Amino acid sequence: MSYEKINNLLDLALWMQSSREGVSLDDITNRFHVSRRTAERMRDMIVNRFIQAEEVDRDDRKKRWRIPQGTLKDLYLFSADELTTLSLAVKSLYKAHLDIQANVLEKVIQKIKGNIRQDFFRKIEPDTEILLEAQGFAHRPGPKLKINAEFLEKIKEAILACKKIKIKYTNSLGKESTQIIDPYGFLYGNKHYLVAFSDYVNDYRYYALHKLTNVEILDTYFNRDETFSLLNFTKDCFGVFKEKPQHIEWLFDKEVAEDAAKYEFHPSQKMTKNSDGTLTVTFYAGGLQEMDWHLYTWGNHVKVIKPKRK
């Protein structure tokens, strides 16, 4: 039996336990994109393996099956990637000033960690820390490009294992090249980027994830620079563009000052509430084009004081 089929059966078993209403053959067919006959075989495998499985009576007369709560408790093994994703969601909620929702999700994470066996948690905790460091943010308004989920999973795996990857990459001129790089982390925004060390240029580079046409994990390991920090790497950037930092000063009018005061435009920012009700925001960073993209969303309610535009 293939790995995918085994994985589908495990998913089905967990689904049957989590569903109070039970799972029907139609549900299985739609979720796993299989035929009716395959859905019946999957159902039979689960029901025959877990004798606790029971048929659920519903008013619509459609047969459903479920597994009693707690039967599969040892199969609920959360991965480092899943815990990391939840933690990143908390950060996103806080950045969006949705503190109530962020607090609720934090409590959910605490409950999950409290129910993970300590021996297993000790194994995945280091991986969770690495992934949290690797998954950076570059917030920018507007639509976002889609990325290849398979490529993303391969890169995450390589980051955790400190393995080099071979990529096929199309540059801004449309020319495709094959490169071998050391993956370090991601920056997510309007465009999603991989931050990696290139032996060819002997420096860290950005790779737009939507321009990757192939990703291959190699059996060659690299020594991760423990002094590298994605936060420090981007601290002088407003978004992701590397540019000489400058002193920035924005003046928000009193109509939007209260809303603007709730934003973190940059980690180094300082805010001053003026006597006329306006708000002055100053920070030190590069990335003027990305700043322009963001300021556009504020319309005529903000004025750029520094740097002086020619």
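Computed from a prediction, not measured in an experiment: that's the story for all the values here.
Following chains of ILVMFWY side-chain contacts shorter than 4.5 Å, one cannot reach Tyr284 starting from Met291, and the two form parts of different hydrophobic clusters. The hydrophobic cluster containing Phe197 also contains Tyr206, counting ILVMFWY residues as joined when their side-chain heavy atoms lie under 4.5 angstrom apart, directly or transitively.
The minimum heavy-atom distance between Thr29 and Ser35, with the atom names listed, is OG1-O, 4.0 Å. For the pair Met42 and Val34, the tightest heavy-atom approach, listed with the atom from each and the gap, is SD-CG2, 4.3 Å. Taking both residues in full, the closest heavy atoms of Pro183 and Leu194 are given as CB-CD1, 4.1 Å, listed atom of the first, atom of the second, then distance. The two atoms that bring Val56 and Glu21 nearest to each other are CG1-O, 3.7 Å, heavy atoms only. Between Pro307 and Gln246, the shortest heavy-atom distance links the atoms CB-OE1, 3.5 Å.
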### Chi angles and distances behind the side-chain contact (heavy atoms from CB on, under 4.5 Å) call for Lys308, Lys306
CA-CA 5 Å; Lys308 295 290 186 181; Lys306 293 181 182 179; 5.7 Å; no
### Query
Taking it one step at a time, do Val23 and Arg64 satisfy side-chain contact (heavy atoms from CB on, under 4.5 Å)?
CA-CA 5 Å; Val23 177; Arg64 290 178 169 84; 5.9 Å; no
### Task
List the steps, then state whether ring pair (Phe, Tyr, Trp, His ring centres under 6.0 Å) holds for Phe265 with His294.
CA-CA 10 Å; Phe265 298 102; His294 178 74; 5.6 Å; yes
### Query
Passes side-chain contact (heavy atoms from CB on, under 4.5 Å), Phe32 versus Asp11? Steps please.
CA-CA 10 Å; Phe32 297 102; Asp11 283 347; 4.1 Å; yes
#### Entry: Criterion side-chain contact (heavy atoms from CB on, under 4.5 Å) on Leu105 and Asn103, from CA distance to verdict
CA-CA 5 Å; Leu105 187 53; Asn103 288 332; over 6 Å; no
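In this pair, Tyr263 and Trp298 present their aromatic rings perpendicular. The plane angle is above 60°, beyond the 30 to 60° band.
Here the side chains of Val195 and Phe228 are in contact, with some heavy-atom distance below 4.5 Å. When side chains are defined from C-beta on, Ile248 counts as touching Leu288, because their heavy atoms get closer than 4.5 Å. Residues Lys163 and Thr220 are not in side-chain contact: their nearest non-hydrogen atoms beyond the backbone lie 4.5 Å or more apart. Looking only at side-chain heavy atoms (C-beta outward), Leu279 and Leu251 stay at 4.5 Å or farther from each other. Within the 4.5 Å cutoff, the side chain of Asn223 has no heavy atoms near those of the Cys162 side chain. Counting heavy atoms from C-beta on, the side chains of Leu230 and Leu187 come closer than 4.5 Å. Using a 4.5 Å cut-off on side-chain heavy atoms (C-beta onward), Ile180 and Asp199 make no contact. With contacts defined as side-chain heavy-atom distances shorter than 4.5 Å, the pair Lys63/Leu25 does not qualify.
Rounding to the nearest 0.5 angstrom, the gap separating the NZ atom in Lys164 from the CG atom in Leu218 is 8.5 Å. Rounding to the nearest 0.5 Å gives a distance of 5.0 Å between CG of Leu212 and CD1 of Ile167. Once rounded to the nearest 0.5 Å, the distance linking CH2 of Trp250 with OG1 of Thr278 reads 15.5 Å. The distance from atom OG of Ser18 to atom CZ of Arg66, rounded to the nearest 0.5 Å, is 12.0 Å. Atom CG of Leu209 is separated from atom CG of Leu152 by 6.5 Å, given to the nearest 0.5 angstrom. In this structure, NE2 in His33 is found 10.0 Å from CG in Asn8, a value given to the nearest 0.5 Å.
A salt bridge is absent between Glu40 and Arg43; no separation between the charged side-chain nitrogens and carboxylate oxygens falls under 4.0 Å. Between Asp26 and Arg36 a salt bridge is recorded (basic side-chain N to carboxylate O distance below 4.0 Å). Residues Glu157 and Lys154 are not paired through a salt bridge, judged by the lack of any N-O separation under 4.0 Å between the basic side chain and the carboxylate. Under a 4.0 Å N-O distance rule, the pair Asp276/Lys254 does not qualify as a salt bridge.
The distance between the ring centers of Phe283 and His247 does not fall below 6.0 angstrom. The aromatic ring centres of Phe186 and Tyr207 sit 6.0 Å or more apart. Here Tyr184 and Phe222 bring their ring centres to under 6.0 angstrom of each other.
A side chain to side chain contact (heavy atoms under 4.5 Å, CB included) with Ile155 holds for exactly one of Ile165, Ile217, Leu160, Asn148; it is Ile165. Here the rule is side chain to side chain contact (heavy atoms under 4.5 Å, CB included) with Ile67, and of Ile46, Leu14, Val47 only Ile46 fits it.
With Asn274 contributing its side chain and Gly277 its backbone, the two residues share no donor-acceptor pair below 3.5 Å. Proximity of a side-chain donor or acceptor of Asp253 to a complementary backbone N or O of Val256 within less than 3.5 Å is detected. Between the Thr213 side chain and the Lys168 main chain, a donor and an acceptor come within less than 3.5 Å of each other.
Heavy-atom contacts from other residues, nucleotides or ligands closer than 6.0 Å to CG of Asn48 number more than 12. More than 12 heavy-atom neighbours from other residues, nucleotides or ligands sit within 6.0 angstrom of CD on Glu216.
Between the side chains of Ser198 and Gln179, not a single donor N or O lies within less than 3.5 Å of an accepting N or O.
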